[in-house]
Q: 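One structure follows; several queries about it will come next.
One is the number of the first residue; the rest follow in order along the sequence. All ligand and atom numbering here is 1-based and tracks the order in the structure. Just so you know, these numbers come straight off a predicted model, no measurement behind them.
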Amino acid sequence: MKLCRYDDNRLGVVRGDMVHDVSAVLDTLPAVRYPLPDHDPLIAALPTLRDRIDALADAAVPVPLAGVHLLPPVASPRKIIGAPVNYRLHHDEALADPTIHHQTNIMPIDKAGLFLKATSSLIGASSPVVLRHPDKRNDHEIELVVVIGRRADRVTQADALDYVAGYAIGLDMTVRGTEERSMRKSIDTYTVLGPWMVTADELTDPSALTMELTINGSTRQKATTADILRDVPTLIERASSFYTLMPGDLIYTGTPEGVSAVQAGDVMVCSIEAIGTMQVAVTV
Ligand code: MN
C-alpha cells in the first residue's frame with residue numbers, strides 16, 4: 001500500500017497515477033488532548049486500520065496524483081534520525097573535498113554514531129526547499145528513509161525489520177560548514193519526505209534498491225542501497241540501543257556519492273526503486 005498525505009491534511013492511497021481519498025479513517029484515531037502523544041498516532045494505529053483503508057480506497061472516486069499538493073507522508077514524527085557517511089564512496093568524496101568536510105572530523109559511522117534533525121525541518125514533495133545561507137554550499141543528499149511502525153527499545157538486527165511500518169524517499173538537505181550536523185541539517189524545509197510511504201508488506205527487502213537523483217535533467221547521484229555500509233537492520237539496532245524508537249520516527253539511512261550544490265531554480269528529481277519518484281523545487 002502507498003499512503004500519501006495531501007492538500008489540507010487529507011490521507012490518500014496511491015494506485016497508479018491516482019489518489020484515493022481515505023481521510024474518513026482519520027476520524028477513528030484517538031482524540032488528541034494535552035499532553036500530545038509521544039508518537040505519530042496514524043502510524044501507530046496503521047495495523048488495525050488497514051482493512052478500513054482498503055475499503056475506503058476501493059469506494060473512493062480517485063483524483064489525479066498530478067493535481068494534488070503532497071505533504072510529508074508522516075505528519076508528526078517525534079524523532080528524525082540521520083546516518084552520517086554511510087556509503088563508502090560518499091565517505092571518500094567527503095574526505096577528499098574541503099568544501100564538504102570543512103576540516104571537521106569525518107568519522108566512520110561506527111565511531112560517529114547517528115545524529116538528529118529538527119522535526120520542524122520536515123516538508124513534503126510538493127513544497128520547495130527554501131535555501132538559507134545561499135552564500136554557502138547547500139547540498140542535496142538522496143536517502144532511503146525508514147518509517148518506524150512500533151515501539152522499538154534495544155531490538156536486535158534479526159528482529160529489526162519487524163518494527164518497520166514502511167519506506168519513503170528522503171532528501172537530507174545540508175548546508176556545508178563547521179557547525180554541528182544537527183544545526184546544518186535542521187534548517188526549515190531541509191528534510192524532504194515523500195512522495196508517499198510504501199508499507200513494509202509491499203517493500204519487504206530494502207537491501208538492494210536502485211536510487212537516482214537528477215538536477216535539471218542531469219544525473220548527480222546514482223547508486224544502490226546494496227552499497228550501504230550499515231544496513232537498515234543495523235541502523236535500527238544501533239539507534240534503539242540508545243533511545244526508544246516510536247511509531248512515526250524516521251531514520252534517514254545515509255546518502256551515496258555524488259552530493260553537489262543546489263541553486264535557486266533547480267529542480268531535483270529523486271527516484272528509489274519500489275517506492276517511486278518525487279520532484280522537488282529549490283527556491284530562495
Ligand atoms: Mn545525509
Q: What's the atom name of the N, O or S in Glu143 nearest to the Mn ion (ligand 1)?
A: OE2
Q: Listed by chain and number, what are the side-chain hydrogen bond (donor to acceptor under 3.5 Å, both in side chains) partners of Asn9, not counting sequence neighbours?
A: Arg5
Q: The Mn ion (ligand 1) is nearest to which N, O or S atom of Asp172?
A: OD2
Q: With heavy-atom distances below 4.5 Å as the criterion, would you say the side chains of Thr189 and Pro128 are in contact?
A: no
Q: Out of the N/O/S atoms in Glu141, what is the name of the one closest to the Mn ion (ligand 1)?
A: OE1
Q: List the steps, then state whether side chain to side chain contact (heavy atoms under 4.5 Å, CB included) holds for Asp58 with His20.
A: CA-CA 8 Å; Asp58 289 345; His20 298 244; over 6 Å; no
Q: Apply side chain to side chain contact (heavy atoms under 4.5 Å, CB included) to the pair Val267 and Asn216, showing each step before the final yes or no.
A: CA-CA 5 Å; Val267 175; Asn216 310 329; 4.2 Å; yes
